[in-house]
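Okay, structure first, notes after.
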Amino acid sequence: MSSLAKYEVENCFDHLKLYSDGSVFRKDPIHYDTPFIGDNRVIYKDIVFNEEHNLSLRVYRPTTTKSSTSSSKKLPILFHFHGGGFCFGSRTSPTNHNMCVHMAKMLEAVVIEPDHRLAPEHRLPAAIDDACDALRWLQSQARSSNNKDDTLLDGADFDRVFVLGYSSGGNLAHHLAVRFRADSADLAPVRLRGYMLLSPFFGGTVQTKSEKERPSEGFWTVSKYDRFWRLAVPIGENQDYRLVNPFGPFSPSLAAVVLAPMLVVVGGSEIMRERVNDYATKLHKLGKRIEYVELKGETHGYFTTHPLSAAAKNVIQITKRFMYCNSN
């Protein structure tokens, strides 16, 4: 009598391994070389928003603002959805934490960073369902003005809520924009004013010209992106899955969907540049309110890997202008 030993099917940086019997090895905790940035101008706290799946979010709030000395000034709310190919990432990682601290301070906003379940243990649409739950948590706080989970939301403006997502978080932002369409009152009294998609992680079975001609941009490669998709999509699906390819053969038409204003940003030297540009172009042709920004020479990681870089500071300023222009 014999049995086949399990073998390794997928390996992501030795931090995540999927085996032939469906079991998963996940390195926990992952060591990061990036140090945490402390700043007493921003306070934060973790709150559970989904008890069923034991998911938490982190709320950041600036202690002072430059534009007003009034303590009654309401602050806009910015949701930040992290990247990680749906397989990695957490509100507690130093890159995500540092960027949220920086955004809360520079944007003078309450920043909320939710966790979501990770693939392959929890394949799509789990992450999108969790992102929706995070927004509904905010709705519950807006409806309970005298019974909020935390005082960090006191004085937050539930009428000025924005969503920003980086990489796979940008994919989440797209699906949130479609699900909570601009003509819907589904989240009332929360009002989603706009979405910012930074290098949104989309895919497709047909490669773009840039993916064929430039399959590597240093650390990131097409083969690594493909691996993330194999781990993230439901068993039996491919990169034309409706949550991967927003304009793919199995995706619903967006022609009649009323979308809130969108800002799409991508690095000019990213493998995904052409795919992201095509996404923005198609939305524009459908008459959607969309702004497209290409950062010359930048590769994937320009925003979170180096939160104090010139590119990241530029994105912060672009984000600040977008929020201001869509707040009235």
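- The minimum heavy-atom distance linking Pro62 with Ala109 is given by the pair CD-O, 3.2 Å.
- Residue Leu152 holds its CG atom at 6.5 Å from CD1 of Ile47, rounded to the nearest 0.5 Å.
- Proximity of a side-chain donor or acceptor of Ser210 to a complementary backbone N or O of Ile271 within less than 3.5 Å is detected.
- In this structure, Arg143 contributes its side chain and Pro189 its backbone to no donor-acceptor pair below 3.5 Å.
- Remark: His80 NE2 to Leu107 CG distance equals 11.0 Å, nearest 0.5 Å.
- Remark: Arg275 does not engage Glu270 in a salt bridge, criterion side-chain N to carboxylate O under 4.0 Å.
- Ion pairing of Asp154 with Arg61 is absent here, as no side-chain N (NZ or NE/NH1/NH2) approaches a carboxylate O to less than 4.0 Å.
- Contact record, Ala173 with Leu197: CB-CD1, 3.8 Å, taken as the closest heavy-atom pair.
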Task: Check against side-chain contact (heavy atoms from CB on, under 4.5 Å), Val257 and Asp183 - done: CA-CA 9 Å; Val257 179; Asp183 57 348; over 6 Å; no
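- Every pair passing ring pair (Phe, Tyr, Trp, His ring centres under 6.0 Å) that includes a residue from residues 31-58 is listed here, sequence neighbours excluded: Phe36-His97, Tyr44-Tyr60, Tyr44-His97.
- Side-chain contact, Thr205 with Asp240: a donor N or O sits under 3.5 Å from an acceptor N or O.
- The backbone N or O of Leu18 sits nowhere less than 3.5 Å from a side-chain atom of Glu10 that would complete a donor-acceptor pair.
- The aromatic rings of Phe162 and Phe322 stand perpendicular to each other, their planes meeting at an angle above 60°, with 30° marking the opposite boundary.
- Residues Tyr166 and Gly301 approach most closely at OH-N, 2.6 Å, considering heavy atoms.
- Under the 3.5 Å distance criterion, the side-chain polar atoms of Ser184 are left unmatched by any main-chain donor or acceptor of Phe180.
- The closest side-chain heavy-atom distance from Asn50 to Ser56 is not below 4.5 Å.
- Between Phe88 and Phe228, the two ring planes are perpendicular [angle over 60°; tilted spans 30° to 60°].
- Using a 4.0 Å cut-off between a side-chain N of Lys or Arg and a carboxylate O of Asp or Glu, Lys282 and Asp278 qualify as a salt bridge.
- Under 4.0 Å is where a charged nitrogen must lie from a carboxylate oxygen, and between Arg123 and Glu237 no such pair does.
- In this structure, the side chains of Met196 and Val163 stay at 4.5 Å or more apart for every pair of heavy atoms.
- Electrostatic pairing of Arg273 and Glu294 counts as a salt bridge here, judged by a charged N lying under 4.0 Å from a carboxylate O.
- For the residue pair Gly84 and Ser168, the shortest heavy atom distance occurs at N-OG, 3.3 Å.
- His174 and Tyr279 form a side-chain donor-acceptor contact under 3.5 Å, judged by distance and modelled atom types alone.
- Under the 3.5 Å distance criterion, with hydrogens and angles disregarded, a donor-acceptor pair is assigned to the side chains of Ser199 and Tyr302.
- Ion pair Arg91/Asp46 flagged as a salt bridge, since at least one NZ, NE, NH1 or NH2 atom sits closer than 4.0 Å to an Asp/Glu carboxylate oxygen.
- To the nearest 0.5 angstrom, Glu52 atom CD is 9.5 Å from Asp130 atom CG.
- Between Arg58 and Ile112, the closest side-chain pair of non-hydrogen atoms is not below 4.5 Å.
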Open item on the list: Test side-chain contact (heavy atoms from CB on, under 4.5 Å) on Leu16 and Val24; report intermediate values, then the result.
Closed with: CA-CA 7 Å; Leu16 174 64; Val24 174; 3.5 Å; yes
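- Using a 4.5 Å heavy-atom cutoff, the side chains of Thr95 and Met99 are not in contact.
- Side-chain atoms of Ser167 do not come within 3.5 Å of backbone N or O of Gly169 as any donor-acceptor pair.
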TODO: Dump the intermediate steps for side-chain contact (heavy atoms from CB on, under 4.5 Å) on Leu283 and Phe247, then the final yes or no.
DONE: CA-CA 10 Å; Leu283 285 181; Phe247 287 99; 3.8 Å; yes
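- Contact of the Leu263 side chain with the Ile318 side chain is registered, since non-hydrogen atoms from C-beta on lie closer than 4.5 Å.
- Counted within 6.0 Å of CD on Glu8, heavy atoms from surrounding residues, nucleotides or ligands total more than 12; the atom is thus considered enclosed.
- Using a 4.5 Å heavy-atom threshold, the side chains of Leu198 and Val266 count as separate.
- Clustering ILVMFWY residues whenever any of their side-chain heavy atoms sit less than 4.5 angstrom apart, transitively, puts Val110 in the very cluster that holds Ile43.
- In terms of modelled atom types and a separation under 3.5 Å, the side chain of Ser327 and the main chain of Met323 share a donor-acceptor contact.
- Here the closest heavy-atom approach between residue Leu259 and residue Ala177 is recorded as CD2-O, 3.5 Å.
- Evaluated for a salt bridge (Lys or Arg N to Asp or Glu O under 4.0 Å) with Glu108, the options Lys320, Arg41, Lys73 yield exactly one hit, Lys73.
- Between Phe219 and Phe13, the ring planes are tilted. Angles from 30° to 60° get that label.
- With Lys27 contributing its side chain and Lys17 its backbone, the two residues share no donor-acceptor pair below 3.5 Å.
- For His82, the ring-ring contact (aromatic ring centres under 6.0 Å, His included) partners are His116, not counting sequence neighbours.
- A salt bridge does not link Arg26 to Asp28: none of the charged nitrogens lies less than 4.0 Å from a carboxylate oxygen.
- Tracing side-chain contacts under 4.5 Å through hydrophobic residues (I, L, V, M, F, W, Y), one reaches Ile30 starting from Phe86; they form part of the same cluster.
- With sequence neighbours excluded, the residues that form a side chain to side chain contact (heavy atoms under 4.5 Å, CB included) with Asp21 are Lys6, Tyr19, Ser23.
- For the pair Asp157 and Arg193, the salt-bridge criterion is not met [side-chain N within less than 4.0 Å of a carboxylate O].
- Relative orientation of the Phe201 and Trp229 rings is parallel, given thresholds of 30° and 60° on the angle between their planes.
- There is no path of hydrophobic side-chain contacts, each under 4.5 Å, that joins Tyr324 to Val265.
- Atom CZ of Phe250 has 12 or fewer heavy atoms from other residues, nucleotides or ligands within 6.0 Å.
- Under the 4.5 Å side-chain heavy-atom criterion for Ile, Leu, Val, Met, Phe, Trp and Tyr, Leu55 and Leu118 are members of distinct hydrophobic clusters.
- Scanning both residues, Ser216 and Thr221, for their nearest heavy atoms gives OG-CG2, 3.8 Å.
- For Glu298 (side chain) and Gly267 (main-chain N/O), no donor-acceptor pair under 3.5 Å exists by modelled atom type.
- Between the NE2 atom of His284 and the NZ atom of Lys288 there is a distance of 12.5 Å, given to the nearest 0.5 Å.
- A salt bridge (Lys or Arg N to Asp or Glu O under 4.0 Å) with Asp186 is found for one member of Arg136, Arg191, Arg181 and no other, namely Arg136.
- Using a distance-only test at 3.5 Å, with no hydrogens or angles considered, no donor-acceptor pair links the side chain of Glu211 to the main chain of Met272.
- For the side-chain contact (heavy atoms from CB on, under 4.5 Å) with Phe202, the qualifying choice from Asn171, Asn245, Leu243 is Asn171, the only one to do so.
- Here the side chains of Phe158 and Ile77 are in contact, with some heavy-atom distance below 4.5 Å.
- Using a 4.5 Å heavy-atom threshold, the side chains of Gln207 and Val222 count as touching.
- Between the side chain of Ser144 and the backbone N or O of Gln141 there is no donor-acceptor pair closer than 3.5 Å.
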